[in-house]
Each structure stands twice: as C-alpha cells, then as structure tokens.
Amino acid sequence: MSKSIHITKKNFKGLTKTELDEQAQDPNSELSEWARKSSIKKEVKKNRKNEKSS
C-alpha cells in the first residue's frame with residue numbers, strides 16, 4: 001500500500017473556530033495529519049530541487 005495521506009483543505013471547510021481549536025490540540029486529528037502532509041510535501045519538493053540543481 002502507498003503511504004499517501006488523503007487529507008485536503010475541504011476537510012476543514014465550514015468548521016467553527018472552536019472545532020478547529022479542538023483538532024489542533026488532538027495529535028491524531030485530520031488537522032494534524034494535514035500539517036504533517038504539508039511538511040512532507042515541502043521537504044520532498046526541496047529535495048527534488050536540490051537533486052535537480054546538482
């Protein structure tokens with residue numbers, strides 16, 4: 001199986017501020033998964049750019 005993370009911003013559309021705050025505190029929430037996905041994507045793009053310029 002792939003290690004992809006299937007979370008998008010649509011998962012958070014329409015949530016109230018209190019619901020977002022609750023998800024921010026929970027380490028297993030969709031918000032935490034999305035943050036982890038974003039950091040992984042940035043790292044992969046950075047590595048690809050470095051490999052390309054080398």
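Not measured: the values here are computed from a predicted model. For this chain, numbers begin at 1 and follow the sequence in order.
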In this structure, CZ of F12 is separated from CG of L20 (nearest 0.5 Å) by 8.0 Å

As an exercise, state the distance from CG of L15 to CG of D21, rounded to the nearest 0.5 Å.
11.0 Å

Excluding sequence neighbours, so at least two apart, what forms side chain to side chain contact (heavy atoms under 4.5 Å, CB included) with N11?
I7, T8, E30

Non-neighbouring partners of T16 that pass side chain to side chain contact (heavy atoms under 4.5 Å, CB included), sequence neighbours left out
T18, E19

Could you note down all residue pairs passing side chain to side chain donor-acceptor pair (under 3.5 Å) where residues 34-46 supplies at least one of them, sequence neighbours left out?
E33-R36

I need the minimum non-hydrogen distance between S32 and P27, along with the two atoms involved.
CB-O, 3.4 Å

Heavy-atom check, side chain of R48 versus side chain of V44, under 4.5 Å
yes

